[in-house]
Amino acid sequence: MADPDEHLLTPSQRKLLDQQKRENPNPVPVDVQGSLSQAGRYRIDPAHAGKALAKLEEALAEVRAIGRDSLRLQQLDPPYNDPYSKAAVKAITQRASDEQGCHGKANRDLAQTLENMINNIKAMVREHENTEGKNKGIGGHRS
């Protein structure tokens with residue numbers, strides 16, 4: 001199945017895409033929702049954990065800022081007292097809400113997932129540092 005946006009690719013991007021299609025002619029779609037909602041496992045080199053944490057914390061700050069925007073949208077008043085303005089604002093506030101399938105809930109779930117990842121990486125770093133400290137102690141001291 002051809003991508004409807006393939007005509008927008010540069011020649012080098014098209015070449016890379018063609019190569020990827022040859023290497024994997026039947027790609028399996030990625031379940032993004034499952035990836036975010038599951039506690040899955042991931043590997044991070046302890047030497048790069050600080051960089052990963054910084055990027056995740058940056059993403060979390062952005063998600064929280066978007067969450068504040070969502071809260072403001074939930075308190076939106078119609079600009080006019082006509083039925084169209086009222087209906088439009090009602091639709092906007094409902095989609096920004098915390099109901100299942102709405103922006104507020106999805107945003108809150110994403111923030112929780114990012115917080116869990118950050119906490120897990122911090123715990124991994126602490127465990128790695130403790131193990132390294134114990135290993136240094138095991139080496140013994142020669143006099």
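Just so you know, these numbers use all the heavy atoms, side chains as well, and skip hydrogens, waters and symmetry mates.
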What are the two closest non-hydrogen atoms of [X] and [Y], and how far apart are they?
X      : Y      : value
Leu60  : Ala111 : CD1-O, 3.7 Å
Val125 : Ala49  : CG2-CB, 3.4 Å
Gly101 : Arg95  : O-NH2, 3.1 Å

Is a donor from one side chain sitting under 3.5 angstrom from an acceptor on the other, for Asp82 and Ser85?
yes

We want to know whether Asn119 and Glu115 form a side-chain donor-acceptor pair, criterion being a heavy-atom distance below 3.5 angstrom.
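Side chains of Asn119 and Glu115: no pair found under 3.5 Å.
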
Look only at the side chain of Gln74 and the backbone of Ala96, and say whether a donor-acceptor pair between them is shorter than 3.5 Å.
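Side chain of Gln74 to backbone of Ala96: a pair is present.
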
Does Val63 offer a backbone N or O that forms a donor-acceptor pair with the side chain of Asn107 under 3.5 Å?
yes

Could you state the interatomic distance from [atom1] ([X]) to [atom2] ([Y]), rounded to the nearest 0.5 Å?
X      : Y      : atom1 : atom2 : result
Thr131 : Arg126 : OG1   : CZ    : 12.5 Å
Thr93  : Asp77  : OG1   : CG    : 10.0 Å
Ile66  : Leu73  : CD1   : CG    : 11.5 Å
Leu53  : Lys122 : CG    : NZ    : 6.5 Å
Asn116 : Gln112 : CG    : CD    : 4.5 Å

All side chain to side chain donor-acceptor pair (under 3.5 Å) counterparts of Lys105, not counting sequence neighbours
Asp109

For the pair Arg64 and Glu57, find out whether any cationic side-chain nitrogen is under 4.0 Å from an anionic carboxylate oxygen.
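A salt bridge is absent here (no side-chain N lies under 4.0 Å from a carboxylate O).
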
